[in-house]
Every structure is written in structure tokens, then in C-alpha cells.
Number of protein chains: 2
Amino acid sequence: MSDDTAKPRRKPRADSLRNRETLLAAAREVFSEGGPEASLEAVARTAGLGIGTLYRHFPTREALFQAVYLRETDQMVALAESLTELEPEAALRAWMRGFIGMVATKKGMLAALAPALDKDCPTFAEAADRMRAAAARLLERGRQEGVMRDDIAPEEMMRVVVGICYTRDGEGWRETVTRMLDIFIDGLCCTPDAAAAPRAARR
Amino acid sequence: MSDDTAKPRRKPRADSLRNRETLLAAAREVFSEGGPEASLEAVARTAGLGIGTLYRHFPTREALFQAVYLRETDQMVALAESLTELEPEAALRAWMRGFIGMVATKKGMLAALAPALDKDCPTFAEAADRMRAAAARLLERGRQEGVMRDDIAPEEMMRVVVGICYTRDGEGWRETVTRMLDIFIDGLCCTPDAAAAPRAARR
DNA sequence: TGCTAAACGGAGGCATCCTCCGTATAAGAA
DNA sequence: TTCTTATACGGAGGATGCCTCCGTTTAGCA
């Protein structure tokens with residue numbers, strides 16, 4: 001596909017870019033208020049733009065989500081890279097705590113992330129891929145040092161994290177979710193003796 | 001509250017009970033077809049009843065869910081009780097496999113179960129309680145035999161199961177979910193040496 | 001300055017949610 | 001059986017949201 005030649009004949013219009021940013025800001029505000037179910041018309045209203053404009057920039061609700069939370073995934077990647085000093089297991093725990101912290105403030109994030117983990121949508125593809133790569137690196141280090149089992153794929157791990165975080169409600173959700181993820185990591189990190197015969201293999 | 005005295009002055013009308021059943025059957029059909037997002041009007045249509053009738057019997061979508069999937073929780077309780085022959089850890093694994101099997105067919109079940117786990121809604125209260133009690137019994141046995149950690153509440157465990165099951169999509173979801181839950185159980189069952197110093201405590 | 005591709009905006013068609021209230025009917029009394 | 005009335009039924013209707021389509025506006029470019 002030599003679509004390099006299919007360059008935009010014109011510079012993108014200034015109002016278009018401006019409106020895109022306005023919409024993103026509005027979406028961030030509305031979603032963090034009303035959750036991921038919030039009305040798209042409300043987003044357009046908040047942005048002071050027409051609903052048609054919103055749909056042209058973001059054809060689906062998902063596309064909007066993903067655009068809104070795109071930078072958040074970069075934060076996760078950056079966090080993962082900053083943890084290389086720690087032992088693999090400690091790094092993994094720290095990473096998950098970071099994730100929990102992000103989820104704590106951005107309500108819509110999970111809704112954006114869940115579908116982005118396996119579906120191939122243009123907006124999110126590379127970001128999701130970077131995130132998966134970051135997770136893979138954390139896992140790989142643990143494996144090489146023999147402290148983490150190898151029968152789990154990075155995207156599977158991410159799914160578990162997302163899934164467990166879904167259960168966030170009530171007062172102490174954060175403490176609970178942290179503890180549940182810690183238990184999961186316990187299972188993920190084979191103890192020296194269990195390494196020989198992983199417990200799950202026992203049926 | 002002496003509301004025992006506030007007995008219904010009349011026997012409930014026969015058509016009311018009949019319609020309730022009709023609605024439940026229709027809901028079961030529609031939800032298993034169109035997932036938990038399916039239209040309530042479609043349910044009423046399928047039942048051949050007015051939308052108003054549906055809303056009188058089930059004021060919210062959640063109430064309908066819960067009524068539809070009420071008996072499913074009883075199945076889970078029964079399964080748990082049938083597993084007392086097994087070792088605690090094996091019983092827990094078997095129970096979760098049973099749960100996965102149920103989720104595999106009933107699409108709407110998770111949507112019904114998630115809110116039912118802590119909220120106190122009249123319809124589900126006792127069923128949810130029985131289920132929690134069943135989980136508690138499984139955990140307790142493991143603790144008494146010293147093979148399961150004690151820093152997790154039964155409802156917390158159920159939440160993890162539900163959360164991990166949320167990630168069911170794509171081809172091999174069932175295999176993945178099973179493996180993820182197995183890893184979680186690995187973490188839940190302290191190995192003999194780890195029992196002295198649970199790994200999570202290491203921070 | 002004028003041309004034109006690109007973007008805007010919102011009306012409108014459709015679906016769903018949920019409420020409200022006039023009508024119908026089953027349960028119990030006479 | 002007949003009458004009374006509490007109870008349930010049904011669906012119209014107002015509100016809202018989704019998404020599309022197209023006439024109007026405007027920014028880039030020559």
C-alpha cells in the first residue's frame with residue numbers, strides 16, 4: 001500500500017484541530033463525572049459544539065474513550081520503565097499499585113482499556129501494544145530470574161488486573177483490590193519449591 | 001417493625017402471578033439472545049404483555065436480572081455442598097470451574113451477580129447470602145487444614161471470580177479464565193513454607 | 001480576492017426508558 | 001350470584017439518546 005503518496009493535499013484546518021481538543025477536554029470532564037455511560041450529546045454540549053462535529057471526530061464512543069485515555073497508557077508504560085531498579089516481583093506489585101491509583105481517579109478508563117486489549121482499533125493499537133510490551137518485559141525479567149511462572153501471557157495478566165479492578169465500589173475497594181492483586185501475584189510468582197511442580201498443574 | 005400485621009388483605013391475583021412467570025420466561029429468552037443490554041420493551045413484547053406490566057413487576061433492569069438468575073445461585077450453592085468429599089483446594093478449583101461453566105451459557109448472569117454481591121436488594125439478599133456462606137465454608141475448611149490464607153473474605157473472593165470472568169471474549173476465553181483463576185487460587189493457597197511468611201506481606 | 005475542499009451544526013428519524021392514569025378484572029362480601 | 005373495590009393491565013406520551021444526512025460556513029491555497 002503506497003499510501004505515503006496519498007498525503008493530505010492541504011494542511012489540516014485549524015478549527016478542526018482546535019475542536020478536537022475541545023471535545024477531548026469536554027469528554028474528560030463529562031466521563032469523569034457521569035462515568036462511561038454518559039451521554040455523548042452531553043459531551044458535545046459541554047464542548048459547545050454540534051453533535052455532528054463530535055461524531056466526525058470520534059465515530060464511536062469507544063474511539064472517544066480511547067483518545068481520552070491514550071496518554072494514561074503512556075503513563076503506565078513510563079511507570080513500568082521506571083521500575084527496572086526493583087526486583088521483578090516488587091516491580092510488578094508497584095506497577096499494579098500504579099494502575100490502581102490511575103483507576104481510582106479516572107472512572108472511564110477501565111471501559112476504554114478493556115476493549116482495547118485485544119481488538120485492533122487504529123487509535124489504540126500502538127498504545128495498547130506498548131503497554132503489552134511493558135507488561136511483557138516485567139514478566140520476562142521475573143522469568144529469567146526464575147521467580148515467575150511462564151504460563152501466562154502479558155495481555156492475560158492485564159485482563160486480570162482490569163477485571164479485578166472492575167469490582168471497585170463501596171468504601172474500601174482500594175484496599176481490597178490491592179490485596180486481591182497481591183494474592184494473584186503470589187500465585188504468579190512460583191515459590192522455589194513450587195517452581196518444580198506448579199500447583200495449578202495438580203488440577 | 002410490626003409489619004407482620006400489615007398482611008396483604010387479599011390473596012394475590014392469579015393473573016399477576018401468571019404474568020410474572022411469563023415475563024421471567026421472556027426475559028430469560030431475550031437476555032440469553034441479546035445479552036444484558038437487551039431492550040426491556042423487547043422482553044415485554046416477547047411476553048405479549050404491556051411495558052407497564054413489566055415495570056410494575058420489576059421496577060429496574062437489575063431487579064429483573066436478579067429474578068431471572070436467582071435459581072442459578074442455588075445451583076452454585078448445591079455444587080459447593082456436593083464438593084465436601086474433595087480436599088479443600090481441589091473443591092475450590094472445582095467450584096470455580098462450575099462457575100465458569102455457568103457463565104459460559106448465561107450471558108446475563110455476571111451483570112446480575114456483580115451488583116448483588118454487596119448491595120442489599122430484597123430479591124437477592126438471601127440468595128446472595130447463601131452463596132457467600134457457601135464460599136465461606138469452602139474457605140474455612142482450607143484454613144482449618146492450614147492450606148489457605150485467611151486474609152480474604154468470601155465476598156472478596158467472589159468478586160475476583162466475577163471480575164476475571166468479565167474478561168470473557170475471543171476464542172479461548174474459557175481456557176484463559178480457568179488458568180487465571182487457577183493462578184489466583186495458587187496465591188490463595190499458601191505453600192507450607194510460605195505459610196510462615198505470606199509473600200504479599202513482603203510488600 | 002476568489003475558489004473549493006473540508007468542517008460545522010443541528011434537524012430529524014428511530015429506539016429506548018420510564019411514568020401516569022383510564023380501563024379491565026379477580027377476590028371477597030352480601 | 002351479584003356487587004364492590006382493591007389490584008393489575010396496557011399503552012400513550014414526554015424525555016432522552018443514538019446516529020445520519022445535508023445545507024451552510026470557513027479556512028487554506030493560488
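Proteins get letters first, then strands, A, B, ... in listed order; numbering begins at 1 in each.
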Q: Check whether any side-chain nitrogen or oxygen of N19(A) sits under 4.0 Å from OP1 or OP2 of dC8(C), and answer yes or no.
A: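 Indeed, a polar side-chain atom of N19(A) lies that close.
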Q: NA contact type, T53(A), heavy-atom cut-off 4.0 Å: base, sugar-phosphate, or nothing?
A: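 Base contact.
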Q: Given atom CG of L54(B) and atom C1' of dT16(C), what is their separation to the nearest angstrom?
A: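 After rounding, the gap between these two atoms is 13 Å.
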Q: Roughly, in whole Å, what's the span from CZ in R45(A) to P in dT16(D)?
A: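 That distance rounds to 9 Å.
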Q: Just jot down the side chain to side chain contact (heavy atoms under 4.5 Å, CB included) partners of A78(A), sequence neighbours excluded, or say none.
A: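 Testing A78(A) for side chain to side chain contact (heavy atoms under 4.5 Å, CB included), a comparison that skips the adjacent residues, returns none.
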Q: Taking 4.0 Å as the cut-off, does a side-chain nitrogen or oxygen of S16(A) come that near to OP1 or OP2 on dA6(C)?
A: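 For dA6(C), OP1/OP2 do not have a side-chain N/O of S16(A) under 4.0 Å.
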Q: Ignoring backbone atoms, establish whether S39(B) has a side-chain N or O less than 4.0 Å from OP1 or OP2 of dA15(C).
A: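 The answer is no; no side-chain N or O of S39(B) sits under 4.0 Å from OP1 or OP2.
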Q: Specify the separation, in whole Å, of atom CG of L17(A) and atom P of dG28(D).
A: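 Atom CG in L17(A) sits about 9 Å away from atom P in dG28(D).
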Q: Ring centroid separation for F65(A) and F31(A), is it under 6.0 angstrom?
A: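 Between F31(A) and F65(A), which both carry aromatic rings, the centre distance is below 6.0 Å.
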Q: Between dA26(C), dG10(D), dC18(D), spot the one nearest the side chain of Y55(A), thanks.
A: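 My answer, after comparing the listed nucleotides, is dC18(D).
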Q: Between S16(B) and P12(B) (side chain of the first, backbone of the second, donor and acceptor by atom type, cut-off under 3.5 Å), is there such a pair?
A: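 Between the backbone of P12(B) and the side chain of S16(B) there is no qualifying donor-acceptor contact (under 3.5 Å).
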Q: Please determine whether a side-chain nitrogen of the Lys or Arg among R179(A) and D151(B) lies less than 4.0 Å from a carboxylate oxygen of the Asp or Glu.
A: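 D151(B) and R179(A): not salt-bridged.
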Q: Just the rounded figure in Å: distance from C1' of dA27(D) to CZ of R18(A).
A: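 Whole-Å distance recorded here is 10 Å.
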Q: Rounded to whole angstroms, how far apart are CD1 on I51(B) and P on dC17(C)?
A: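 Distance, rounded to whole Å: 7 Å.
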Q: From CG of L49(A) over to P of dC19(D), roughly how many Å is that when rounded to an integer?
A: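 After rounding, the gap between these two atoms is 18 Å.
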Q: Hey, does the side chain of H57(A) come within less than 4.0 Å of dA7(C)'s phosphate (OP1/OP2), counting only N and O?
A: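 Result: no.
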Q: From the list dA26(C), dC17(C), dC29(D), which nucleotide is the closest neighbour of the side chain of R61(B)?
A: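 Per side-chain heavy atoms of R61(B), the pick is dC17(C).
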Q: DNA chain C: G48(A) or E41(B), which has the more 5' nearest nucleotide?
A: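 Nearest-nucleotide comparison on DNA chain C picks G48(A).
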Q: For dA6(C), does the base pair up with any side-chain atom of R13(A) as donor and acceptor (N or O, under 3.5 Å, distance only)?
A: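 Result: at least one qualifying N/O pair found.
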Q: Rounded to whole angstroms, how far apart are CZ on R56(B) and C1' on dG22(C)?
A: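 The distance from CZ of R56(B) to C1' of dG22(C) comes to 13 Å, rounded to the nearest Å.
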Q: Of all the heavy-atom pairs spanning S39(B) and V30(B), show the shortest one and how long it is.
A: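 Between these two residues, the closest heavy atoms are O-CG1, 4.5 Å.
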Q: Does a distance-only test, which skips hydrogens and angles, find a donor-acceptor pair under 3.5 Å between the side chain of R10(B) and the base of dT7(D)?
A: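 It does not, because no donor-acceptor pair links the side chain of R10(B) to the base of dT7(D) below 3.5 Å.
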Q: Measure from CG on L40(B) to P on dC18(C) and round the result to the nearest Å.
A: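 The answer, rounded to whole Å, is 7 Å.
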